Amino acid sequence: MRAAVVGPLLLAMPALYAGVMMWLRGGWQRSRAAAEAANATEVAAETDTRAPGEAAAGAPSKADAATAATARAAVAAVAAGAPAVARLPEKAPTGSPAEALGTATTDEAAPLLFSVLIAARDEAAALPQLLADLAAQTLPAARFEVLIADDHSADGTGALVRAAAAGLPFRLRLVALAPAQTGKKAALAAALALAGAPWLVCTDADCRLGPGWLAAYARLLAAGATPDFISGPVLLTGPDTWFQRLLGLEFAGLVGVGAACIGRGAPTMCNGANLAYRRAAFEAVNGYAAHAHLASGDDEFLMHQLHAARPGAVRFLADAAAVVRTAAPATVGALLRQRVRWASKWRHYQSPASRRLAPLVLGANVALAAGAAWALAWPALGPWVATAWLLKLGADWWLLAPVLRFLGPRRWLWGLLPLQLLYAPYALAVGAAGWRGGYSWKGRAVTNAAK
């Protein structure tokens, strides 16, 4: 008799979770459909306007390809310790917070569209690859500029950027932070203050970009979309081990749920490694002012603000060309530090969707773990617990299958069961640590203090 009462209680949270995941799959499909429509619009426009034999818009010419190849070689040489081939650009006048380093010239027929903002702290080892990826973009170099804010690096990050800039086809600025300015949000704000484009695109210094990354953003805007904020897809990379596969699967779930929530008009999650926002919209909500007391939140808090100011103005760029790749944490310790940093933001969320989603996910996972433990001592609960597990895993598969088909590594789906076995204690530990609000980032102790 007691099993007939406890069983449905154990089943309630996984059943609710499954219903939400099934609803969110429709949001993912909407995001994909919007990206496919943008691509189709571009193809149709090019077909109508191109002369026979003319290259597609955004496709690099032979001269562009040669320039990009030269830039990649120059960046690689600097990373290897060789001097830059071309003369290094002169520094900005004394007292200027930035140095204009690139060699690109402004094309009046192709106005500046994007300012790419990158916060860097001790990233001398990773930046050469990122700069080479930016040099290889199919979007014409006159359409974008890059601003790298050096957050008091001690490994020669600033010197590397200056040296690598000589052969780059785009305009590059190095932004030095004042002594009182520290942290990613401060670095991005300093770079944004000097940016000249109507759209700000953000990525991280240790990321890798495909050649069509910026062109994918441009396609969405050219298709007639009028968003204020665009969230982009991110894929974890690393050695093909069980640990890395489980991390990749969990991260793909975060990306998929974030995209699906945006598709359903209830934004919850995004990733600062791949996003863009309209400068005018950023200024209309006073930028980071509402959460300036928090060290983190340059991504999700801003997205929530812009959605609250203009519902429906947030989009997800479900375009394969827009996928940004970033290395997965190499150790369990690094993983926990990263996730605690992310979790520390939850109690500061003002978005109703975000505040509801996290307890739902945690509750469903805890219910599965508790049910499995109780079923060992109380076999009558077995059918209820088995049903709860099937509902939860089936819902995860239902949402993640199209997400992983889009991102690429579909074989990660086989990790759903082992990930589920580990997830409840992992989520509880990370949530508890994140609630305290303190974490370590880039060698600094940080606290997301209450306002």
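This one's a predicted model, so the numbers in the text were calculated from it and none came from an experiment.
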Measuring from [X]:[atom1] to [Y]:[atom2], what's the distance to the nearest 0.5 Å?
X	Y	atom1	atom2	value
Leu235	Arg325	CG	CZ	5.5 Å
Asn274	Ser231	CG	OG	7.0 Å
Ile262	Met303	CD1	CE	5.0 Å
Leu172	Leu147	CG	CG	7.5 Å
Leu246	Leu335	CG	CG	10.5 Å
Asp151	Lys185	CG	NZ	13.5 Å

Return the minimal non-hydrogen interatomic distance between [X] and [Y], and the atom names on each side.
X	Y	value
Phe114	Leu214	CE1-O, 3.6 Å
Cys207	Leu130	O-CD1, 3.6 Å
Ala120	Leu127	CB-CD1, 4.3 Å
Ala276	Val201	CB-CG2, 4.0 Å

Inset, instruction - Show your working on side-chain contact (heavy atoms from CB on, under 4.5 Å) between Phe316 and Val255 and close with a plain yes or no. - result: CA-CA 10 Å; Phe316 183 81; Val255 171; 4.2 Å; yes

For [Y], is there any backbone N or O sitting under 3.5 Å from a side-chain donor or acceptor partner on [X]?
X	Y	result
Asp299	Gly272	yes
Thr268	Ala353	no
Arg279	Leu192	yes

Inset, instruction - Kindly determine whether Tyr217 and Asp319 satisfy side-chain hydrogen bond (donor to acceptor under 3.5 Å, both in side chains), including the steps that lead there. - result: CA-CA 9 Å; Tyr217 278 100; Asp319 188 325; over 6 Å; no

Legend entry - For Ser115, all residues meeting side chain to side chain donor-acceptor pair (under 3.5 Å), sequence neighbours excluded: Glu145

Legend entry - Set of residues satisfying side chain to side chain donor-acceptor pair (under 3.5 Å) with respect to Gln29, sequence neighbours excluded: none

Legend entry - Residue pair Leu236, Thr326: steps toward the side-chain contact (heavy atoms from CB on, under 4.5 Å) verdict: CA-CA 5 Å; Leu236 282 193; Thr326 187; 3.6 Å; yes

Inset, instruction - Mind running side-chain contact (heavy atoms from CB on, under 4.5 Å) on Phe229 and Arg278 for me, showing each step along the way? - result: CA-CA 6 Å; Phe229 187 101; Arg278 192 188 301 273; over 6 Å; no

Legend entry - Working for ring pair (Phe, Tyr, Trp, His ring centres under 6.0 Å), residues Phe282 and Tyr288: CA-CA 8 Å; Phe282 178 87; Tyr288 298 137; 5.1 Å; yes

Inset, instruction - Determine, stepwise, if the pair Ser351 / His307 fulfils side-chain hydrogen bond (donor to acceptor under 3.5 Å, both in side chains). - result: CA-CA 9 Å; Ser351 162; His307 172 69; over 6 Å; no

Inset, instruction - Could you label the plane-to-plane angle of the Phe406 and Trp28 rings as parallel, tilted or perpendicular, counting under 30° as parallel and over 60° as perpendicular? - result: perpendicular

